[in-house]
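So that the names make sense, note that chain A is the first sequence line, chain B the second, and so on, each numbered from 1.
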Amino acid sequence: MTEISDPPRYTFKDAEVRWQKAWEDHHCFDAREDQSRPKYYVLEMFPYPSGRIHMGHVRNYTMGDVVARFKRARGFNVLHPMGWDAFGMPAENAAMEQNVHPAAWTWQNIETMRGQLKMMGLSIDWSREIATCDPAYYRHEQKMFLDFLDQGLVYRRESWVNWDPVDNTVLANEQVIDGRGWRSGAEVEKRQLSQWFFRITDFAEELRSDLEKLTRWPARVRLMQENWIGRSEGMRIQFKICDQDQKLEIFTTRPDTLFGASFCAISPDHPIASELADESAELKKFIDECHRLGTSEAVLEQAEKQGHDTGLRIQHPFIQGKTLPLFVANFVLMEYGTGAIFGCPAHDQRDLDFANKYGLPVTPVILPPNTAQETFTIDTEAYTGPGICINSDFLDGLEFDKAKAVIADALETQGTGQREINFRLRDWGISRQRYWGCPIPVIHCKDCGIVPVPREDLPVSLPEDVTFDVAGNPLDRHPSWKHVHCPSCGKAAQRETDTMDTFVDSSWYFARFCSPRSDQPVDQTAADYWMPVDQYIGGIEHAILHLLYSRFFTRAMKKTGWASLEEPFDGLFTQGMVCHETYQSESGQWLSPDDIIENDMGMLVSTADASPVKVGRSEKMSKSKKNVVDPADIIESYGADTARWFMLSDSPPDRDLEWTESGISGAWRFMNRLWRLVYRYPDGIIKPGTDDAWSETDLELRQSIHKTIDGITKDLESFRFNRAVARIYELVNQITDFKAEDNQSSQAVLSEAIETLIVLMGPMVPHLAEEMWSKIGKTGLLANQSWPTVDPAMLIDEMVTLAVQIKGKLKGTISVRRDADQSEVEKIALEEPSIAAALEGKSIAQIIYVPNRILNVVHA
RNA sequence: GCGGGCGUGGUGGAAUUGGUAGACACAAGGGACUUAAAAUCCCUCGAUCGAUAAGAUCGUGCCGGUUCAAGUCCGGCCGCCCGCACCA
């Protein structure tokens, strides 16, 4: 081989474009159903087209691409699509601020970002691209909405919402900051509005119990969903209201504390409260007060328990003649259980706070273990632990768990209570008073009520001639759009002007990718072949909502005949965030990494005025803190492969990754090092020979090759990309150090090493790998090359290094035959000078031998 | 408050799942090449003692335990991070 004195640098600009075109020309990544091959569906959470791609996208899509390319090389028929989560508020904000149409703004962003993603060299089947704002997509969403409506999976009801009086819109809870609208800054009001809901609670139990089937999901995400669904077993109990026919229904998980009840309380939104408020100005005032305070976290944190005595009395179900006062209390939620509770102050902290404030009796009914009843009192701290029932009539002496069952039976026999399971999960409100979303396809008719838009009239498209110069929903004030004839009676009627929550759009896009141009929401044959998604990858921020909604939607689709499975995502991986140090000027202004420079003294200063810069901790890249690095700049200066390599190196993919300049330049240096390595070997390096008379060093390299194949295969299967990267470095170091002898077998080993290295790197740095592949004289695309197979014989070492310990402390290592028997190993170990010296004069008590691992000598 | 996770060199992180702690990389320092710089190549790099050697001792947040053997298992602290939060 000839050493070339000055190898040129790897010219990524030319190479990356060239190989991207080659893949496209050869349709390498087009996916077609093929029943004869095992399929693999890799999906990354699709991006919102905000304008430009950010580092989070680069990390996400690099990981997905590694999996897609790896699986393809392993012989799978891979589906790896991309689309756009294109409806949403930012488009309307842009419309208001920049006077552009949301559609124009969105499609322009898609154009830009598609180009940027293509520069990354992702193995995506672009022929399947979809955008949720395209009527060709959302008409199917409307169709399914109507199917859900037919099946009773959608309903409309009045509900309390956060209303922004300036922007004239409903705000999500996350959009209310300290009681004010996040955009307008106006004090948010509670209003009752008629809203559409998806009946996700129908599936609460199933969504919870099926979590255990999702074995390829992170335990953390499953737990978060489980907590979110929040199942609790308890009882619904009907209390008699004194001097009335009405009953008060409450829900409790602690029927065992029923004898400790000292009051009942209902939510300010409870029907009984509203009824009473009609006759009591004072109560009405109290209820209004509760509404004004709202339920935002900050408020609840400090909010005192407050109540209003209704004057009504409630009959205790088991104690003759005992009655309890009924309060309206600010801490009782209408949305959970029945909106009414009984209060047992001794064993619930909230009830105790309330009782102490209003001077209500506190009767302990659960005695903690190893406590004397005479000395047990409750002061300001409720006892919520386990124990034995006291002061509880027929429950006395029973262990509290047993007591729950006994009293449940008693109530059920009496007919005044039933065992019930309650969930924290609420139905999913999907109405948004927004323009840029999927229109809800119904018509409101004065005579016929709610009439679905006839299916043949779908899609209900958004009108284009809308304005954003005034607050409120443009659909609502559009001159003609909402005025239609009732499809049922033909009289004048109005369209629904609310649009759907954008989470609806992303709840089924994965199914649409299977047959993106079908004139049905999904083509059953295609979906049956491709679904479920085998590997889904995205941010942990979607652990609950998006993933839960998708699980619900898939079930709803199954019920309406659009899906044949329940769980859309078989495997889930949640990637960490991309972080960067933060910089602030002396006056506290955030500075971008581009605005700072290291001065002669090694200090970071502002490029503008050379003033010192405060370096803050590494945080998620965000525009507000200006600690962002634009991926487009990086790809421009270093190429896509360098960016991809850096993304995969060092940090485990589920943890946060810190972006550093030295890290990216290190990755760039490595790209060139590889290029030089391959450049040293002219075209057509030696083909593997039949001669297997390897020298010891030949054998060593061959073993390394196969151990690397084995290791990287396992690493990529289990998302340990950082480990795979380290193995590549190890192999490259070894190849660099390898001195090939002047014979065919030695040359062949080197040849095998380089070839294998290139194939193994293919999924991670595809352009460079193609370039190297072609450089060593290979014809045909590496993208179509299959994954190397492991020679199992090469994984087994003839000799192993064994650690020798004395009383558990390492004293030396010896080299022994693999699986050598204990007596042989002992002999070698005890003859080892350092061991012999350490054991001088000691009598050996025990020797522990773990073959191929360790020999531990224990002396007296 | 409830639930969960994490804690290893100057830094990011490895560690065959109880068996040689620190792989690999970054940063740093030294050297070679060069008129010089960049690039590249070589060496050192957990701490302490020792001479920059041989060697020894200590060392995975802290304290204790189990074990022949603990970063890994158990108990108790400390610190950080995340999720939920008036859910009866």
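The salt bridge (charged side-chain N to carboxylate O under 4.0 Å, His left out) test applied to A:Glu541 returns no partner, not counting sequence neighbours. Residues passing the side chain to side chain contact (heavy atoms under 4.5 Å, CB included) test with A:Pro271, sequence neighbours excluded: A:Met334. Every residue was checked against the salt bridge (charged side-chain N to carboxylate O under 4.0 Å, His left out) condition with A:Glu832, not counting sequence neighbours, and none meets it. In terms of the salt bridge (charged side-chain N to carboxylate O under 4.0 Å, His left out) criterion, residue partners of A:Asp256 (sequence neighbours excluded) are, by chain and number, A:Arg254. For the ring-ring contact (aromatic ring centres under 6.0 Å, His included) test, no residue two or more places apart in sequence or in another chain qualifies with A:His706. In this structure A:Tyr549 satisfies the ring-ring contact (aromatic ring centres under 6.0 Å, His included) test together with A:Trp428, A:Phe503, sequence neighbours excluded.
Distances from the side chain of A:Asn330 to the nucleotides B:A14, B:C86, B:G3 place B:C86 closest. Listed nucleotides B:G4, B:G13, B:A88 differ in distance to A:Ser232; the shortest reach to its side chain belongs to B:A88.
A:Arg231 comes within contact range of no nucleotide atom at all, as no heavy-atom separation falls under 4.0 Å. In this structure, A:Val857 reaches neither bases nor backbone, as no heavy-atom distance under 4.0 Å exists between it and the strands shown.
Between A:His542 and A:His546, the ring planes are perpendicular. Angles over 60° get that label, and only those under 30° would be called parallel.
Checking the phosphate oxygens (OP1, OP2) of B:C58, a side-chain nitrogen or oxygen of A:Lys809 falls inside 4.0 Å.
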Given Watson-Crick and G-U pairs under 3.5 Å, RNA chain B in dot-bracket ([ ] crossing, | other strand) is (((((((..(((......[....))).(((((.......))))).((((.....))))..(((((..]....))))))))))))....

Side chains of residues 810-817 of chain A: which donor-acceptor pairs under 3.5 Å do they make with residues two or more places apart or in other chains?
residue  : atom : partner  : partner atom : Å
A:Arg817 : NH2  : A:Glu824 : OE1          : 2.8
A:Arg817 : NH2  : A:Glu824 : OE2          : 3.3

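B:G55: glycosidic angle beyond 90° from 0, hence anti. Regarding the sugar-base torsion, B:U35 falls in the anti class, its angle being beyond 90° of 0.
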For nucleotides 18-28 of chain B, 5' to 3', base contacts (B), sugar-phosphate-only contacts (S) and non-contacts (-) with protein non-hydrogen atoms under 4.0 Å give -BB--BSSSS-

